[in-house]
Amino acid sequence: VDLVQDILRGERRSVARAISLVEGQKPSAPQLLTALYPHTGRAHLIGVTGSPGTGKSTLVNQLALAFRRQEKQVGIIAVDPSSPFSGGALLGDRIRMRDLAGDPGIFMRSMATRGAMGGLSAATFDAVQVLDAAGYDVILIETVGVGQDEVEIARTAHTVIVIQVPGLGDDIQAIKAGLMEIADLFVVNKADREGADQAARTLEMMIELDGPRAQEWQIPVCKTVALDGTGVSDLIFCIQKHHSYLLDSGMLQDKERQRTQTWLHRALQQTLLMQFLERLESDALQTMLDRIVARKVAPYAALRELLDGVQASGQ
Ligand SMILES: Nc1nc2c(ncn2[C@@H]2O[C@H](COP(=O)(O)OP(=O)(O)OP(=O)(O)O)[C@@H](O)[C@H]2O)c(=O)[nH]1
Ligand SMILES: [Mg+2]
């Protein structure tokens, strides 16, 4: 209860502790998140995604500084699914984020492990709730736009920024990762390099080919040099325009609904699976696996048998 009050006041150590609780699947996490929930729903969630090394962290750093100049409180979650023990990426992020250190208006956190409901996306969802309740106006979520989990995390933001860099066959990059459909904004970062205009034109062409969407939002393509901040104020302008668009059109509500649905489905899957496994005899699953592999029973028949078995023993 004290922890809740401290989080709502934005007390940093409590915020950090709360995120550790949700990340570490502590039994107290659901109750904490339940208490925080009525105080959420104010933050603007911005997903920043793109292939490894495109400059996501550097750009997030710049965006955070720019939002700070507008007196906004900024939360940053860097989703790093690589092992926390490898340390490389984490260390890199910390070094790059050093401009932000010591600013009490910025809270930065790397997420690597699973959350209360077992997926990285659920853990991120929960951590975002904590930051939202703590009063952070803008929450930047950096994910590598590769695995499905990461794309899903980006998708659950209100405003999704997809970063590309010049060269490397920009068209293929975007389509391959399925990032085209989730982008609200494209950024061509490393615009100090050759081919940035070409990359931007390619993206603009792809957006046009993609045809008009249901929404009236026209996806902009911004060029930035995250290293020195060139183009960042234009990008901020586009981000805020998108936020206004979401608010005015009622799309923000739709997005909230969508991200909540994603969470709920995952939570149900996880919970039902756990409940099911609890009701199985301890070695029933292994025995069944052995029988399937030995071709004594077909997978679907095994499934039926497991389900029927639990039902018969249940209640
Ligand atoms: N030339 C140039 N280099 C940049 C720019 N932005 C970032 N870099 C460099 O690109 C490298 C990768 O930058 P990061 O910000 O770590 O990229 P990232 O996308 O966060 O990388 P991962 O999190 O590992 O996927 C670093 O060496 C940066 O200094 C830019 O605008 N121009
Ligand atoms: Mg990074």
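Both counts, for ligands and for their atoms, begin at 1 and track the order of listing.
Contact detail for Ala226 and Thr58: the closest heavy-atom pair is O-CG2, 3.6 Å.
The distance criterion of under 3.5 Å between nitrogen or oxygen atoms is met by Thr58 with respect to ligand 1.
A side chain to side chain contact (heavy atoms under 4.5 Å, CB included) with Val160 is found for one member of Ile141, Val48, Asp184 and no other, namely Asp184.
Taking backbone and side chain together, Thr58 holds no N, O or S atom under 2.8 Å from the Mg ion (ligand 2).
Counting atoms of ligand 1 from 1 in the listed order, those under 4.0 Å from a heavy atom of Thr54 are 19 (O). Which parts of ligand 1 touch Pro52 is read off a 4.0 Å heavy-atom cut-off, strictly below it: atoms 25 (O).
Asp192 places no side-chain N or O within donor-acceptor distance of the main-chain N or O of Val225, the cut-off being under 3.5 Å. One N or O on the side chain of Arg12 and one on the backbone of Pro104 form a donor-acceptor pair closer than 3.5 Å. Remark: the backbone N or O of Lys72 is not paired with any side-chain donor or acceptor of Asp137 at under 3.5 angstrom.
No donor-acceptor contact under 3.5 angstrom links the side chains of Thr159 and His243, judged on distance only.
Using a 4.0 Å cut-off between heavy atoms, Asp192 contacts ligand 1 through its side chain alone, with no backbone atom that close.
Taking each of Arg193, Lys190, Lys223 in turn, the one with a heavy atom nearest to atom 10 (O) of ligand 1 proves to be Lys190. Considering Ala191, Gly55, Gly50 only, the shortest heavy-atom separation from atom 17 (O) of ligand 1 involves Gly55.
Summary: OE2 is the N/O/S atom of Glu142 found nearest to the Mg ion (ligand 2).
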